[in-house]
Structures are given as C-alpha cells and as structure tokens.
Enquirer: 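If you scroll down you'll find the structure; I have some questions about it.
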Amino acid sequence: MIRAAPLVDALYYLKEISEKLRRYDEAYNRDRPEVSDAFFDELKRKYALVIEINPSLQGQDWYANYVGAAPSEQFSEVPHGTPMLSLGNAFSREDVGEFVQRIRKFLGLTRATELAFVAEPKIDGLSANLRYEYGRLVQGATRGDGRKGEDVTANLRTILDIPQRLIGNDWPEEIEVRGEVYAPIGAFNSFNSNAEAAGSRSYANPRNFAAGSLRQKDPSITATRPLKFFAYAWGKTSHPFADTQMDALESFSRWGFKVNERSKRVIDVDGLLSAFNQLALIRSSLDYDIDGVVYKVDNLSWQDRLGYISRSPRWAIAHKFPAQQAYTVLEGIDIQVGRTGSHTPVARLHPVTVGGVVVRNATLHNADEIARLDVRLGDTVVMQRAGDVIPQILGVVDADRPDRGARYDFPHTCICPLKTALVKETNASGVESVVRRCTGELACPFQRIEHLKHFVSRRAFDIEGLGEKQLIAFHERGWINQPADIFQLARDAEKLDALRAEDGYGETSVRNLVAGIDARRTISLDRFIYGLGVRDIGEQTSIVLARAFETWPAFEAACVAAAEGIPSEDWVRLNEAHAVSPRVVATLAEASPPAADPWPEAPLDQKIALGFPGLAAPARRGLASLAEDWAGLVRLAEVARNEGPSDSLGQIAGVSGVGPVAARALALFFRETHNLAMVDALVAQLDRIEDAERPKTDTAVAGKTVVFTGALERFTRDEAKARAESLGAKVSGSVSKKTDYLVAGPGAGSKMADAQKHGVQVLTEDEWLALIGG
Ligand code: IVH
C-alpha cells in the first residue's frame, strides 16, 4: 500500500523501484530473466502509482528514461505517403565536381546554363515525417525503414518548433512536411550533468539524446526534453506549392516552421564548395551538431526530371565533413566470421572519445591490411572516425618501442571447431582477393548463425520479438538451426512451454513471439529473396529480381535452371569488364584468332582492332586491360566461344541492375542440395510469398524493348533510359530481333543497319515522345 509520502521518501522509493526494473529488464534482454513477468508487471504498476501520487517526480523517473531509449515495440507502424529516401555521400571536392557534372549531363545542360543549388547544413539528428491535413497536424512518424516509420505523433506534438496548425492559407490540403528533430548541444550537456548527478541515465551525444527523448513511451517525458525541429523537405502533397527548393523553404517558414537560416542558394561547384567551407568554419560555434552540408538542385522541375537511383535522389547529395582522429592503444585483435565466411579482423581498442562518440572497436579490414600497418598488441595507434563509417586504424605511432610484441599471425583455418582451411579467392578482375574465407558454408557454425541473423534482420524477414539475443539463445539450445525452424518453433507447444517454465517467459512474451513469427508467414518476394542470404544478392538486387520475375515459382525455376549451366569465373570476368557488352562477347566468340600473334610488333590496342574488327575504342580498352597480350586475347575468345552460360543464367544476368556476378552467385547457391533443402523447408512453413508489384503494363511501351542511338537532341541518354524504364519498357544497348523500337537521333550509325536487318521499327525522337505521351 503506497501513501502520499514526503517527496524525498517518494523520490528515494521511486529510485529503488526504477533500479530494480532496470536490472530485471536488462536480465530479461540477456535472456536470463530474474523474476516472473507477473512480478515485473506488479513492480511497474507500483512505479506508475508513485508517479501518479507525486506528479512533480515526472521526468525524474530513471526507468522511463532508460526504456525509452531501447529499441521498442511500443509504437505502431505507419506507412509514409512517399518513401523517405537517404542521400548519397561526397567526401571530396572531386566527388562534388562529379555530382554536378552528372546532373549537367543528365539534364543536357550547356556550360552557359546556370545550375543553382541550395546548400543546407546537414543536421545531425533524426528525420521525421509530419502529415498535415487542411493545415492541421494529424500524424507524425520517424523515418523507420524509409517506407514505414513509427507513429510518434503525441511525442512530436510536444516540440514547440512543430506547428499544430499551419499559418496562412497557401498550403496544400494534404502535405507531408519533413525535417530533422535535434537537441541543442547546450541543453544536451546540462541534461547529462543533471542526470549524472542524480545517478540516472545520460546519453552519448545529442543525436542519441534526441532519439531517446522522441521515442519515450510517455509523451509528457518528451515534453520535458529540449527538442527542436528544422523543416527542409516534403513527401506527398495534394498539389505542388513551390517552383524551387528555396521557395519551398520560404513556404515552410511562412507556415510557421523553423527553417535553418544558414541554408543558401549558390551557383555551380564553386558556390557549393564555398558554402561548405563557410559552414565548416562556423560549425563549432553552432549550438547544434552538423555533420556535413546537403546540396539540392534548386529548380524543382529539374529535380523531377533527375528522379532517383534506388534509395537516393540524383538531385541531392550530402557532402560530409572530414573525419575526426584520436590516439589510443590496441588491446586485442578478434576475428569476425561473416555470413559468407569472410574472416574480418576487428581491433579492440582502449575506449576513446572521438567527435562525441566513444569508440571501442575499429575494423582492420583483412590480413594484408594488418601486415601493411604492422600493427601489434599494445601499440598506440591513430584511429579515425568519419560519419557512419566504421572506425579505422590509420597507423602505429610507437613502432620503435623496444619491448614490442610479435607480428600478428592471421589464422589459416576457420576459427570454428571444424577448422576448415581458409581460401583466398580471385576477384572479378582476376586479382587474388585479400579476403580470407571459410568455405564451410552452412556447416560452419559461425556462418550458420550469421545467416540466421541476416534472415531475421530488419530489411529481410524483420521478425518482431525475435532479436539477435533471443535468436542466439534459441540457436544455442539447438532449437533453431535454419530459417524454417523459426516458424516451426511458433507451433511447437512443448518448446513454448519450456520457455515459460525454464526461461521465465511470461504469457505476453510468448504470445508476442508467436505473433511476430506468424505475421511473417506472408512475405513479399523481394524480402524473401534478400532473406535467403545469397552472396552478392543485396537488398536492391533482390528488389530488381523480384520485379523482373514477379513470382517465387518463376524466380526459383530460373535459378534452378541457371544452376545447370554455370559459367566459369573467366566468363564472368569477361562479361563484367568495362565496356564489354554482350555484342562484344559475341564478336569475340565469332572470331577465330590464330594462336600465334600475327602482328608481334603492334601495340595491343591495334592487335585487337585488327583481329576483332568492329569493336569501339572503349571495348578495345576493356579487353586490353583484361587480356594483357595476344595469348590472353586468344584465351578470351575461347572463353566467349565455349563457356557461354545457359539461357536461364543469361536471363537472370540480363535483368537491368543484376549482372553476371550476381546471376552466378544465385546459380551456385541453387546448385547446392543443402541450400535447396533449406529453401524448401522454409517455403513449406510460409502461407504466401507475395508476387512483386508488376512493372507498368498500362503504357504504350510497357514490356517493349527499346534501343536509343545517335546524338539525341530532345533528351539525354540517361534521361531517355530512366523515363522508358519508368514506363515499363526495357532499354537495351544493342539491336537484335527482340528489339521493338530503335529511337534514332542525328548521326545514328551501325544500329540503323542492324534495325533494318532485323526488321525493327525506327522512330525519331519526336515520334518516340508522341508514343509515350510527351
Ligand atoms: S534532405 C531526399 N536535408 O540526412 C532527401 N536531409 O542522409 C532527403 N538530414 O535522413 C533528405 N539535414 O535525416 C535533407 N538539410 C537536410 C538534412 C537532411 C539532415 C538528414 C536526414 C536524412 C539524412 C540523409
């Protein structure tokens, strides 16, 4: 029974409960619960009661501070109206130059055309999406995975910079305003000093503090935190409201948002770099952290034309400030085994603070890097941290120490009990890889667990309630050895009972675990493909593959068929080489070069021109770098002739954005019976693998294959390709009998002849535009 006690007693009592809750929570998260769920819930109720009776203690509650920052399942998921994208990075003047050049080329701008950008400070906080309907804030969400975020409306409403109602009346009826939630550095520091004095939780940096504060379960706690907001972008709108990025920022400001006053309109590379230098100079005087400058094309119709490449816009980039460095001591080197068997050395460092973040680990990349640095235990090293990049070791400071230990000896066998020998592979350009890899695949316990972690990860199956810790614990118990076992577990009454009885899982936890697993018995095709964890098949490739094959049976059939005709690594190398298109490979295959060099005196490029007529200069260069001499060319011609892949593999490799390396990886994966068994067992546990969104079928060019040639005048090559693909057409580089249209600008050459040969319809640029509706 709790009575309204004197405040000091209540405070003391609250602290005691908080500490217990915190300890039990931590133990639970380590899968070693110390008390039953019922006991824990009872304690939480007491805790809430103390606060209810002593409202002035609100915000002093250590436990709420603590849980709020942990990843939580307390907010519901909400889809964004349009995806929240990320930005590509630039680290140097050259990168910025290339960014501007790419844009000029894509838009086909002449040198004389002025290209304006807005340079905005890149605020180091967390982005939020605010949905307004008829000027009222109706929903606010975190970025989440870019498509869906967490509904934190109530918390966002507590931030004074975020208007509940928009001012004026020139806003779209529906609009998603986007920007950055951040914490001022001064306020962050005073929060931390108070927290440390009170023995409660402090945060590593303003960004973590902002994130932890925004994700509080109780919005009245968020209200006590000094959060602020800058608006800088938007998502879905019911109608356009600006012509330029600068206009858009001005609109936000008129409607009542804070807009960063250091955002500036600048012209071309020089303008961008001078804005960058100015911000770098004043960075330390700002009361909020910035980690770079974001450059955005000012003209919004150009932004539209430029569009997106996978998850980031072509019209914007983040120019990051240079890395920060520090000295520390190397205390150990551990080896991490990756999902595909790679052995990566990780440096364990004496903890050191760099740019406000405590660093304990750094990557050492590979054995060669350790040898190059000649870094040994006990050395003082310079380490560097740049943005989100994993910290790196740059060099040893005290290599001339007299009592230095021995050189590091990189293991030659896998660090698992099987001790499989490690191999060095040759990479795509024929150079021996620096990565040492265990070939044990799923027999290797390390790879097995990495596979499982990948399977449940956020971008794959994303199983709620089954984090890495639980997964590892279940794996150690022998319950989960492959993905199908996860789904089996949810139906295994005996094991679930054991969880309750032996592991102290409460009824709610068990129910949540089962619900989280069951929710993923229906999965989208791209997530399914990605979840399989095939080497070289990343998230983007999975999306492209899903769209291309549409259904799981079609994709599986293609992979199984591809496994029948796996080409050699030489063939892949040839097809991956710069400027070597299928047409170039066909030319090689058709030629029958004599074994002895007919032109011993000629330079290699000329030998190629003479021996394989019809190849353009870039293709000749690509081949020259691969072949080195005439004998090499003869070998390549042989590879092209004899080792063509099966049609099925060609079909996968031919999907735009996939290529031969990924196609070969899939074929190798589907050739292994243990992988097929793993896939079959998994499929048997699922209810449905959802078909991918079909490419557009309701346009005049959907499903057609188009080739662009000649000096295009109405649009650039990149733009033409992007537009055609967005309308469901496939763009190819060479004309064949499968081509539907050849769009020819002035000066079109050999492709016109090819079109005639295959009876392909030739269109002018205007005819093409008329066909696709302008
Ligand atoms: S624009 C499509 N502008 O940087 C463009 N982002 O890596 C969307 N950020 O997630 C972002 N300041 O959290 C933009 N002035 C700014 C920004 C900014 C900070 C963050 C944002 C985003 C990340 C992109």
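Both counts, for ligands and for their atoms, begin at 1 and track the order of listing.
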Enquirer: Which of the atoms of ligand 1 are close to Glu120, meaning less than 4.0 Å from one of its heavy atoms?
Expert: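 Here the atoms of ligand 1 in question are 3 (N), 15 (N), 16 (C).
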
Enquirer: Angle class for the His319/Tyr295 ring planes (parallel below 30°, perpendicular above 60°, tilted otherwise)?
Expert: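 Rings of His319 and Tyr295: perpendicular, as their planes differ by over 60°.
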
Enquirer: Evaluating non-hydrogen atoms only, which member of Trp315, Tyr308, Tyr295, Tyr232 is closest to atom 11 (C) of ligand 1?
Expert: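 Ranked by closest heavy atom to atom 11 (C) of ligand 1, first place is Tyr232.
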
Enquirer: What's the shortest distance from atom 10 (O) of ligand 1 to any protein heavy atom, and which residue and atom give it?
Expert: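 It is Ser127 OG, 3.7 Å.
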
Enquirer: Check for me whether Lys296 has a heavy atom closer than 4.0 Å to any atom of ligand 1.
Expert: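 Lys296: in contact with ligand 1 (<4.0 Å).
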
Enquirer: Give the contacting part of Lys122 toward ligand 1: side chain, backbone, both or neither, where contact means a heavy-atom distance below 4.0 Å.
Expert: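 Within the 4.0 Å criterion, Lys122 contacts ligand 1 through backbone and side-chain atoms alike.
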
Enquirer: Evaluate the ring planes of Phe276 and Phe321, with Trp represented by its six-membered ring, and classify them as parallel (under 30°), tilted (30 to 60°) or perpendicular (over 60°).
Expert: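 Ring orientation of Phe276 relative to Phe321: tilted.
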
Enquirer: Report the relative orientation of the aromatic rings in Trp234 and Phe241; use parallel for angles under 30°, tilted for 30 to 60°, perpendicular for over 60°.
Expert: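 Correct class here is perpendicular.
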
Enquirer: Among all protein heavy atoms, pick out the one at the shortest distance from atom 5 (C) of ligand 1; state its residue, atom name and that distance to 0.1 Å.
Expert: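 Answer, as residue, atom name and distance: Leu87 CD2, 3.6 Å.
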
Enquirer: Nearest 0.5 Å please: distance from the CD atom of Glu464 over to the CG atom of Asp462.
Expert: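 Nearest 0.5 Å value for the CD-CG distance: 7.0 Å.
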
Enquirer: Check contact between Pro313 and ligand 1, using heavy atoms of the residue and a distance below 4.0 angstrom.
Expert: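 Per 4.0 Å heavy-atom rule, Pro313 contacts ligand 1.
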
Enquirer: If I apply the N/O under 3.5 Å rule, does Val294 come out as touching ligand 1?
Expert: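 By distance alone, the answer is no.
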
Enquirer: Should Glu180 be counted as touching ligand 1, given the test is an N or O pair under 3.5 Å?
Expert: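 Yes - when backbone and side-chain N and O of Glu180 are compared with those of ligand 1, one distance drops under 3.5 Å.
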
Enquirer: For ligand 1, which atoms have a heavy atom of Pro121 less than 4.0 angstrom away?
Expert: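 Selected atoms, number and element: 12 (N), 15 (N).
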
Enquirer: Roughly how far, to the nearest 0.5 Å, is CG of Asn155 from CD1 of Ile221?
Expert: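 Separation between the atoms: 9.5 Å.
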
Enquirer: Give me the ring orientation class for Tyr288 and Phe230: parallel if the planes are under 30° apart, tilted from 30 to 60°, perpendicular past 60°.
Expert: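 Rings of Tyr288 and Phe230: perpendicular, over 60°.
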
Enquirer: Hey, is Ser312 one of the residues with a heavy atom under 4.0 angstrom from ligand 1?
Expert: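 No heavy atom of Ser312 comes that close to ligand 1.
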
Enquirer: Tell me which protein heavy atom sits closest to atom 12 (N) of ligand 1, plus the residue, atom name and distance to 0.1 Å.
Expert: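 Here the nearest protein heavy atom works out to Ile123 N, 3.1 Å.
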
Enquirer: Quick one: ring-ring contact (aromatic ring centres under 6.0 Å, His included) pairs with a partner in residues 121-151, sequence neighbours left out?
Expert: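 As it turns out, the ring-ring contact (aromatic ring centres under 6.0 Å, His included) pairs with a partner in residues 121-151, which skip direct neighbours, are Tyr132-Phe257.
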
Enquirer: Can you check whether Arg314 reaches Ile103 side chain to side chain, under 4.5 Å on heavy atoms?
Expert: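 Arg314 does not reach Ile103 side chain to side chain.
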
Enquirer: What residue and heavy atom of the protein are closest to atom 8 (C) of ligand 1, and at what distance?
Expert: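 The closest heavy atom on the protein side is Leu85 O, 4.1 Å.
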
Enquirer: So which of Arg178, Gln139, Arg143 actually passes side-chain hydrogen bond (donor to acceptor under 3.5 Å, both in side chains) with Asn129?
Expert: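 Of all the options given, the one that passes is Arg178.
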
